[in-house]
K.L.:
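Input: one structure, supplied below.
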Amino acid sequence: VDAALPLDEVLTTMLRQNRRWAPVVHDGEYFGLLAVRDVANVDAEHWPDLTARDVARTDVLPAGPTEPVSAVAERLRASGAGAVAVTVDGRVLGVVTLRDLSNVEVLLDRLNNEAR
């Protein structure tokens, strides 16, 4: 979502796309990450007056596309964040959630057990 988008429009966009997390961009570059929960924590009367930039999380560094899954999972767990943006040179490629990583870990464990 664009950093200048008001929170009411951010929420509408995220819900239409069935997204719990969205990368926030400014001038095409990654700025931060926003969760539906972050918007919900703001009184609805303020949604039209606040932008994605105002509430975006900037405390979790984005991951690179070649970064090991284990490193990203460790960073997410240590930070308490539920997601991380994946970027290259400031361009957003996507978002990986802790749930995504947990599903991968379960699949890898299952495959490892079946190989025995």
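Along the sequence shown, residues carry numbers from 1. Given the structure is predicted, the values throughout are model-derived calculations rather than measurements.
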K.L.:
Could you tell me whether Glu74 atom CD has more than 12 heavy atoms of other residues or ligands within 6.0 Å of it?
P.N.:
no
K.L.:
Should Val95 and Leu76 be regarded as members of a common hydrophobic cluster, given that ILVMFWY residues are connected when their side-chain heavy atoms come within less than 4.5 Å of each other, either directly or indirectly?
P.N.:
no
K.L.:
What pair of heavy atoms forms the shortest contact from Val84 to Ala63, and how long is it?
P.N.:
CG2-N, 3.7 Å
K.L.:
Are more than 12 heavy atoms from other residues, nucleotides or ligands located less than 6.0 Å from atom CZ of Arg75?
P.N.:
yes
K.L.:
Taking all non-hydrogen atoms of both residues into account, name the closest pair between Ala3 and Val24 and its distance.
P.N.:
CA-CG1, 3.5 Å
K.L.:
Only one of Asp8, Leu15, Leu7, Leu50 clears side-chain contact (heavy atoms from CB on, under 4.5 Å) with Val39; which?
P.N.:
Leu7
K.L.:
Nearest heavy-atom pair of Pro65 and Thr87: which atoms, and what distance?
P.N.:
CD-O, 3.5 Å
K.L.:
Between Pro48 and Ala44, which heavy-atom pair has the shortest distance, and what is it?
P.N.:
CD-O, 3.8 Å
K.L.:
Examine Val69 and Val88 and state if one hydrophobic cluster contains both, with Ile, Leu, Val, Met, Phe, Trp and Tyr joined whenever side-chain heavy atoms are less than 4.5 Å apart.
P.N.:
yes
K.L.:
If you round to the nearest 0.5 Å, how far is CH2 of Trp47 from OG1 of Thr12?
P.N.:
8.5 Å
K.L.:
Would Glu29 and Val25 satisfy side-chain contact (heavy atoms from CB on, under 4.5 Å), going step by step from the backbone distance to the final call?
P.N.:
CA-CA 5 Å; Glu29 299 259 330; Val25 295; over 6 Å; no
K.L.:
Show the numbers, then the answer: is there a side-chain contact (heavy atoms from CB on, under 4.5 Å) between Thr51 and Leu5?
P.N.:
CA-CA 5 Å; Thr51 65; Leu5 203 60; over 6 Å; no
K.L.:
Who passes side chain to side chain donor-acceptor pair (under 3.5 Å) against His26, sequence neighbours left out?
P.N.:
Arg53
K.L.:
Please answer: with hydrophobic residues joined when any side-chain heavy atoms are less than 4.5 Å apart, are Val86 and Val92 in the same cluster?
P.N.:
no
K.L.:
Group every Ile, Leu, Val, Met, Phe, Trp and Tyr by side-chain heavy-atom contacts under 4.5 Å, then state whether Val96 and Val60 land in the same group.
P.N.:
yes
K.L.:
Looking only at non-hydrogen atoms, find the nearest pair between Leu98 and Arg77 and report the distance.
P.N.:
CD1-CG, 4.0 Å
K.L.:
Can you measure from CZ (Arg19) to OG1 (Thr97) and round to the nearest 0.5 angstrom?
P.N.:
10.5 Å
K.L.:
What do you reckon, is CG of Asp89 surrounded by more than 12 foreign heavy atoms closer than 6.0 Å?
P.N.:
no
K.L.:
Can you measure from CZ (Arg16) to CD (Glu9) and round to the nearest 0.5 angstrom?
P.N.:
9.5 Å
K.L.:
First locate atom CG of Leu34, then atom CG of Leu11, and finally report the distance between them rounded to the nearest 0.5 Å.
P.N.:
9.0 Å
K.L.:
Of all heavy-atom pairs between Ala35 and Arg57, which one has the smallest distance, and what is that distance?
P.N.:
CB-NH2, 4.2 Å
K.L.:
Are any side-chain N or O atoms of Asp43 and backbone N or O atoms of Glu45, one a donor and one an acceptor, separated by less than 3.5 Å?
P.N.:
no
K.L.:
Can you measure from CG (Leu33) to CH2 (Trp21) and round to the nearest 0.5 angstrom?
P.N.:
5.5 Å
K.L.:
Quick one: pull up CG in Leu93 and OH in Tyr30 and give me the separation to the nearest 0.5 Å.
P.N.:
12.0 Å
K.L.:
Given the rule that I, L, V, M, F, W and Y join up when any side-chain heavy atoms are under 4.5 Å apart, are Val10 and Val42 in one cluster?
P.N.:
yes
